[in-house]
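First the structure, in the form of structure tokens, and then the observations on it.
Order of the sequence lines sets the chain letters (A, B, ...), proteins ahead of strands, with each chain counted from 1.
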Protein chains: 2
Amino acid sequence: MNQSATIVRTGRKFSQVLEGARQVFMRDGFEGASVDDIARAANVSKATLYSYFPDKRLLFMEVAETECARMAERAMDDINKNETPREVLTTTATQIVSFLLSDFALQIFRVCVAESDRFPELGRSFYTSGPEMGQKRMSEYLRLSVDRGELKIDDVKMAAEQFSELCKAKLWTRAVFGIQSEFSQAEIDEIVTHAVDMFMARYGV
Amino acid sequence: MNQSATIVRTGRKFSQVLEGARQVFMRDGFEGASVDDIARAANVSKATLYSYFPDKRLLFMEVAETECARMAERAMDDINKNETPREVLTTTATQIVSFLLSDFALQIFRVCVAESDRFPELGRSFYTSGPEMGQKRMSEYLRLSVDRGELKIDDVKMAAEQFSELCKAKLWTRAVFGIQSEFSQAEIDEIVTHAVDMFMARYGV
DNA sequence: GCCAATATAAACTGAATAGTTCAGAATCGA
DNA sequence: TCGATTCTGAACTATTCAGTTTATATTGGC
């Protein structure tokens with residue numbers, strides 16, 4: 001991954017370039033985005049852009065990694081460990097569902113899926129800083145609850161995977177394929193309730 | 001969707017073209033595949049190809065639709081309605097998981113996700129003939145079992161969505177991002193068991 | 001105010017590639 | 001065998017786009 005050596009990170013317009021690239025890549029994907037578009041969006045000349053990034057791929061990778069890190073930071077941040085599992089799970093599921101349905105998460109998912117054939121490192125990087133990261137946070141919480149005797153789980157990792165998977169039911173697939181793009185709170189709550197009910201039916205004490 | 005009107009489906013080499021297109025699109029995605037490549041793979045001249053399909057997009061759509069139909073046909077075909085729910089669900093889950101992890105299903109998913117921004121009809125078509133189709137079949141079975149008193153389900157559609165989502169736990173995400181590409185029967189069975197256990201815990205009588 | 005680093009605009013190269021055209025060859029039904 | 005349909009190959013157009021170049025302008029530290 002460390003072709004980063006060849007990226008020049010100093011200079012007045014570095015972050016401008018990155019921000020322009022972010023916008024355009026997120027809107028158009030990798031192939032869809034032209035370097036001219038990016039330069040225009042960044043209010044920067046093409047020559048300047050190329051003085052920072054040796055090529056389009058590296059620029060894209062940089063954007064993707066930055067976005068994934070930002071993503072991981074946001075999602076599942078405020079687990080209040082003193083509430084009951086049902087409460088915690090409900091709060092967390094609501095966050096997860098809302099996040100998964102955001103334009104932002106959807107678009108980066110699309111781009112990463114689309115390009116992970118061409119850039120295997122991208123797939124890995126996304127997985128590590130996205131889904132895997134979430135799964136770890138969730139596992140920690142579940143482990144805690146099990147130790148407290150609040151939940152009864154044989155395989156904590158698997159349970160965490162199942163939980164986040166349940167959060168994708170119905171709406172997420174529809175969102176990914178552009179069938180539906182607006183989601184009411186009621187729709188989200190419905191998914192959340194069903195996810196939590198199912199989880200508790202299986203792992204509740 | 002019926003730009004299909006403009007596709008000529010008769011002629012000696014129609015299926016040859018389609019098969020070549022299938023191979024190349026599945027390997028390279030939409031942008032990645034060049035029409036020259038496809039013509040070569042199909043053992044057909046470019047002119048012939050264009051005599052069947054007015055443009056690359058329609059050719060792609062045709063391939064995707066054909067593949068989805070084939071997909072829907074295969075998956076969840078042999079539900080033996082006389083077994084217990086646990087048995088039926090286990091068989092079905094095994095089929096679903098294996099199918100979801102096949103190169104074939106993964107590749108078509110990737111391509112459809114990648115291109116559904118540019119071709120909204122493609123996303124819709126994939127969703128309809130893929131996930132939605134599966135969900136309907138599953139719903140029918142669940143409805144039957146509920147009527148028989150074998151299961152207790154408030155929202156059959158939602159339960160069907162949850163079930164297929166549970167089949168994606170752990171392995172599928174890893175597959176989509178190319179983290180893992182070989183899956184042992186034991187790994188598949190693990191997912192299946194956990195999916196069925198969870199489902200039965202929630203909806204069993 | 002000067003110098004060195006940094007940025008700009010715009011034109012250019014070179015490579016891919018979608019889609020067209022057409023004269024002639026292969027194929028097939030009758 | 002004949003005539004019509006279908007296919008071929010190869011050359012051609014036109015476009016898009018990554019990446020380069022160059023001559024000029026801006027900026028900021030000293």
Side-chain angles (χ1 to χ4, degrees), chain A residues 3-64 111 114-115 117-119 121-122, chain B residues 3-64 111 114-115 117-119 121-122:
Chain A
Q3 302 110 322
S4 325
T6 62
I7 297 178
V8 181
R9 281 161 205 283
T10 60
R12 305 206 301 279
K13 311 226 161 169
F14 177 77
S15 56
Q16 236 180 88
V17 171
L18 212 56
E19 172 56 20
R22 193 185 72 83
Q23 281 172 32
V24 180
F25 278 135
M26 295 294 279
R27 195 186 60 216
D28 299 338
F30 179 77
E31 291 292 348
S34 84
V35 176
D36 288 276
D37 273 2
I38 294 172
R40 210 172 304 126
N43 272 314
V44 134
S45 76
K46 214 174 158 184
T48 300
L49 185 155
Y50 274 100
S51 79
Y52 287 114
F53 294 92
D55 66 26
K56 194 186 172 188
R57 293 186 152 223
L58 274 170
L59 177 53
F60 179 76
M61 289 285 297
E62 184 78 11
V63 169
V111 174
E115 307 304 336
D117 241 23
R118 244 174 303 223
F119 309 148
E121 332 89 69
L122 176 64
Chain B
Q3 303 112 321
S4 323
T6 62
I7 296 179
V8 180
R9 282 162 205 282
T10 60
R12 305 204 303 276
K13 311 229 162 167
F14 178 77
S15 56
Q16 235 179 90
V17 172
L18 212 56
E19 173 55 21
R22 192 184 72 85
Q23 282 172 31
V24 179
F25 278 134
M26 296 294 278
R27 193 186 60 215
D28 300 337
F30 179 77
E31 292 291 348
S34 84
V35 177
D36 288 276
D37 273 2
I38 294 173
R40 211 171 303 125
N43 273 312
V44 135
S45 77
K46 218 173 155 185
T48 301
L49 187 155
Y50 275 101
S51 80
Y52 287 114
F53 295 92
D55 65 28
K56 193 186 173 188
R57 293 183 153 223
L58 275 171
L59 176 53
F60 180 76
M61 291 282 296
E62 183 76 11
V63 169
V111 174
E115 306 303 336
D117 241 23
R118 247 174 300 225
F119 310 151
E121 333 90 68
L122 176 63

B:Arg40 meets the side chain to side chain donor-acceptor pair (under 3.5 Å) criterion, sequence neighbours left out, with B:Asp37

Base, sugar-phosphate or nothing for B:Phe14? Non-hydrogen atoms, less than 4.0 Å.
nothing

Interatomic distance, B:Glu115 atom CD to B:Met61 atom CE [nearest 0.5 angstrom]
11.5 Å

Does a side-chain N or O from A:Tyr52 land closer than 4.0 Å to OP1 or OP2 of C:dT6, or not?
no

Non-neighbouring partners of A:Asn43 that pass side chain to side chain donor-acceptor pair (under 3.5 Å), sequence neighbours left out:
none

Kindly write out the residues that satisfy side-chain contact (heavy atoms from CB on, under 4.5 Å) with A:Ser45, not counting sequence neighbours, or none if the list is empty.
A:Ala47, A:Thr48

Would you classify B:Asn43 as touching base, sugar-phosphate or nothing, given that sugar-phosphate means primed atoms plus P, OP1 and OP2, and contacts are heavy atoms under 4.0 Å?
sugar-phosphate

Figure out the CG/P separation between A:Leu49 and D:dG19, and round it to whole Å.
10 Å

Please determine if a side-chain N or O atom of A:Ser45 lies less than 4.0 Å away from the OP1 or OP2 oxygen of C:dT8.
yes

Protein-to-nucleotide contact annotation, 5' to 3' order, nucleotides 13-30 of chain C [B base; S sugar-phosphate only; - none; under 4.0 Å, heavy atom]:
-----BBBBB----S---

Give me the residues of residues 15-26 of chain A where at least one heavy atom lies under 4.0 Å from an atom of DNA chain C, by number, or none.
none

So, using side-chain contact (heavy atoms from CB on, under 4.5 Å) as the criterion, who are the partners of B:Val17 when residues are at least two apart?
B:Val44, B:Leu49, B:Tyr52, B:Phe53, B:Leu59

Rounded to 10°, the helix from C:dG1-D:dC30 to C:dA30-D:dT1 deviates from straight, judged by its five-pair end axes, by 30°

Nearest-0.5 Å distance, CD of residue A:Glu121 to CZ of residue A:Arg57:
7.5 Å

For B:Lys46, enumerate each residue passing the side chain to side chain donor-acceptor pair (under 3.5 Å) test, keeping only those at least two apart in sequence or located in another chain.
B:Asp36

Only pairs under 3.5 Å count here: list side-chain donor-acceptor contacts from residues 22-30 of chain B, not counting sequence neighbours, and write none if there are none.
residue : atom : partner : partner atom : Å
B:Arg22 : NE   : B:Glu19 : OE1          : 3.1
B:Arg22 : NH2  : B:Glu19 : OE2          : 3.4
B:Gln23 : NE2  : B:Glu19 : OE2          : 3.1

